[in-house]
Engineer: 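I'd like to ask some things about the structure below.
Predicted model only: the values in this text are computed from it and were never measured. Computation of the quantities below employed the complete heavy-atom set of this structure, encompassing side-chain atoms and omitting hydrogens, waters and symmetry-equivalent molecules.
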Amino acid sequence: DSTSFAVRVAPLGGTGLVLVLAEDQTERLRVEAVRRDFVANISHELKTPVGALSLLAETISDASDDPEAVRRFTGRMQQEAGRLTHVIQDLITLSRIQGAEPMADPDEVEVGSVIEEALDTVRTAADAKRIELASGDSGGLTVMGDEGLLATALRNLVSNAVAYSPKQTRISVTVEETESAVEISVADQGIGIPPQDLERIFERFYRVDAARSRETGGTGLGLAIVKHIMTHHRGEVTVWSKEGSGSTFTLRLPRTEDADRSPAHAG
Ligand code: ADP
């Protein structure tokens, strides 16, 4: 990596001396590059469905005397519009959550209901691939947090599990309580993630296989959202994966008693 300096020269009035300031610009340039990449990625993600929509509209107007073709193309338009909504929704969620301070006033959230909420949203997609969704008993466990955000995090994990698994496999969601944390794991028997990509999949827009990810309707933002939601909850997300045999993502949240113990109550 190269280092870059900005040099400022200022004469010190009347003294005949000159002040030279060298400022390390490396970090500022890196941040700028990340932001430029982010904007370029967003533009691309928005342009793709908009381009498809305008092409489809044109095709429909050419095929207006063929009702069957009109029906097919309007269906495709609905799909592309749905995709656009998905990208925009993910961007809104991400901008709301990234860089946020750890939650100040969390609610007590039942883990079992978060799991049910997340599984309900992927049931249709799982049924279509005859994927079995199994969830263990969460024993009435609770964590401190925001139920909507926790459900979003878990939904992103199970919908990835469905998207990246072949037909007739099994996805299981399990809950475990350790000394200091509640762990919710989503294990699939899917395609897995190559070791060299494991560290990067939580970055915004990073995909192992861009073409396949678009096919499955992914935005490349799902895991970045999960990571930021976990940070906001003083928790973390980890992954274990083996190419060709499956992946397990684990959400680790501080236990209710620990999260609840502010200095005023301690002791
Ligand atoms: P996407 O919208 O592309 O799914 P994500 O941020 O949710 O974006 O995931 C990033 C990438 O990580 C995906 O493109 C995919 O390559 C990989 N990935 C995520 N979850 C899984 C999984 N359960 N099995 C295999 N690969 C996965």
Side-chain angles (χ1 to χ4, degrees), residues 89-122 133-164 171-188 193 197-206 218-241 246-266:
Q89 191 53 58
D90 273 1
L91 283 169
I92 292 171
T93 307
L94 194 61
S95 73
R96 187 156 75 90
I97 199 75
Q98 72 181 354
E101 296 287 315
M103 208 174 298
D105 189 18
D107 301 319
E108 188 162 4
V109 179
E110 207 164 310
V111 174
S113 68
V114 171
I115 294 176
E116 278 321 302
E117 217 175 309
L119 289 182
D120 278 346
T121 57
V122 301
L133 297 176
S135 59
D137 184 13
S138 64
L141 264 180
T142 60
V143 290
M144 297 307 287
D146 177 308
E147 177 155 5
L149 287 176
L150 290 174
T152 298
L154 199 60
R155 185 174 61 234
N156 288 354
L157 296 184
V158 283
S159 74
N160 277 348
V162 172
Y164 301 108
I171 295 169
S172 51
V173 182
T174 51
V175 182
E176 221 176 292
E177 195 180 13
T178 70
E179 209 172 290
S180 60
V182 172
E183 298 181 349
I184 310 171
S185 296
V186 178
D188 65 49
I193 300 158
D197 293 302
L198 274 179
E199 283 212 350
R200 302 203 58 194
I201 53 171
F202 295 98
E203 293 173 19
R204 300 173 303 194
F205 294 115
Y206 189 84
T219 63
L221 293 171
L223 289 179
I225 289 173
V226 174
K227 189 186 80 180
H228 287 291
I229 290 176
M230 283 302 105
T231 308
H232 191 46
H233 282 79
R234 300 174 199 271
E236 60 173 357
V237 52
T238 52
V239 57
W240 172 92
S241 187
S247 311
T248 300
F249 286 82
T250 301
L251 302 179
R252 192 168 290 111
L253 291 150
R255 276 187 23 182
T256 300
E257 309 86 76
D258 302 329
D260 215 14
R261 198 181 295 147
S262 63
H265 302 121

Engineer: CG of L253 to OG of S180: how many Å apart, nearest 0.5 Å?
Structural biologist: 11.0 Å

Engineer: Just wondering, do W240 and T250 contact through their side chains at under 4.5 Å, heavy atoms?
Structural biologist: no

Engineer: Looking at D188 and S247, would you say the former's side chain and the latter's main chain have a donor-acceptor pair under 3.5 Å?
Structural biologist: yes

Engineer: Looking at A118 and V158, what are the two nearest heavy atoms and their distance?
Structural biologist: O-CG2, 3.9 Å

Engineer: Please walk me through it: do N160 and V186 pass side chain to side chain contact (heavy atoms under 4.5 Å, CB included)?
Structural biologist: CA-CA 10 Å; N160 277 348; V186 178; over 6 Å; no

Engineer: If every non-hydrogen atom of R234 is compared with every non-hydrogen atom of M103, which pair is closest and at what distance?
Structural biologist: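 That would be NH2-O, 4.2 Å.
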
Engineer: Give the intermediate values and the outcome of side chain to side chain contact (heavy atoms under 4.5 Å, CB included) for residues L149 and R96.
Structural biologist: CA-CA 11 Å; L149 287 176; R96 187 156 75 90; 3.8 Å; yes

Engineer: Of all the heavy-atom pairs spanning T219 and F205, show the shortest one and how long it is.
Structural biologist: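 Smallest interatomic distance, heavy atoms only, reads O-CD2, 3.6 Å.
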
Engineer: Quick one about T142 and E108 (side-chain donor to acceptor, distance below 3.5 Å, no hydrogens or angles considered), yes or no?
Structural biologist: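 Note: E108 and T142 side chains meet the donor-acceptor criterion.
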
Engineer: Is the shortest heavy-atom distance from the side chain of F249 to the side chain of V226 under 4.5 Å?
Structural biologist: no

Engineer: Take L94 and Q89, measure what side chain to side chain contact (heavy atoms under 4.5 Å, CB included) needs, and give me the verdict at the end.
Structural biologist: CA-CA 9 Å; L94 194 61; Q89 191 53 58; over 6 Å; no

Engineer: Using side chain to side chain contact (heavy atoms under 4.5 Å, CB included), reason through Y206 and L223 one step at a time and then give a plain yes or no.
Structural biologist: CA-CA 9 Å; Y206 189 84; L223 289 179; over 6 Å; no

Engineer: Please give me the minimum heavy-atom distance between G145 and L150, naming the atom from each residue.
Structural biologist: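 It is CA-CD1, 4.4 Å.
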
Engineer: Check each of V143, V173, L141 against I184 using the side chain to side chain contact (heavy atoms under 4.5 Å, CB included) test, and report the only one that passes.
Structural biologist: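 Only one of V143, V173, L141 forms a side chain to side chain contact (heavy atoms under 4.5 Å, CB included) with I184, namely V173.
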
Engineer: Do R155 side-chain atoms and V122 backbone N/O form a donor-acceptor pair below 3.5 Å?
Structural biologist: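 No, R155 side chain to V122 backbone: no donor-acceptor pair under 3.5 Å.
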
Engineer: Within this structure, what is the CD-CD distance for the pair E183 and E176, rounded to the nearest 0.5 Å?
Structural biologist: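 The distance works out to 6.0 Å.
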
Engineer: I'd like to know if the side chain of H233 and the backbone of D146 have a donor-acceptor N/O pair within less than 3.5 Å.
Structural biologist: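 Yes, the answer is positive, given that a donor and an acceptor are paired below the 3.5 Å cut-off.
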
Engineer: Distance check, rounded to the nearest 0.5 Å: T238 atom OG1 versus K227 atom NZ?
Structural biologist: 13.5 Å

Engineer: Quick one: pull up NE2 in H228 and OG1 in T93 and give me the separation to the nearest 0.5 Å.
Structural biologist: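 Rounded to the nearest 0.5 Å, the NE2-OG1 separation comes out at 12.0 Å.
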
Engineer: Got I193 and Y164 here, is their nearest side-chain heavy-atom distance under 4.5 Å?
Structural biologist: no

Engineer: Closest approach of N156 and G222, non-hydrogen atoms and distance?
Structural biologist: ND2-O, 3.2 Å

Engineer: Are the side chain of S241 and the backbone N or O of G246 linked by a donor-acceptor pair below 3.5 Å?
Structural biologist: yes

Engineer: Heavy atoms only: give me the nearest E117-A151 pair and the separation to one decimal.
Structural biologist: OE2-CB, 3.6 Å

Engineer: Counting N and O atoms only, with roles assigned by atom type, does the side chain of S138 sit under 3.5 Å from a partner on the main chain of V111, one being a donor and the other an acceptor?
Structural biologist: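 Pair absent, no side-chain N/O of S138 close to backbone of V111.
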
Engineer: Is it true that a side-chain atom of H232 and a backbone atom of E101 form a donor plus acceptor pair closer than 3.5 Å?
Structural biologist: yes

Engineer: Closer than 3.5 angstrom, by distance alone: can the side chain of D107 be matched with the main-chain N or O of V109 as a donor-acceptor pair?
Structural biologist: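 No; zero donor-acceptor contacts below 3.5 Å.
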
Engineer: Atom CD1 in I225, atom CG in D90: separation rounded to 0.5 Å?
Structural biologist: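 If we round to the nearest 0.5 Å, I225:CD1 and D90:CG are 4.0 Å apart.
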
Engineer: Rounded to the nearest 0.5 Å, what separation is found between the CZ atom of R255 and the CD atom of E179?
Structural biologist: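 That separation rounds to 8.0 Å.
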
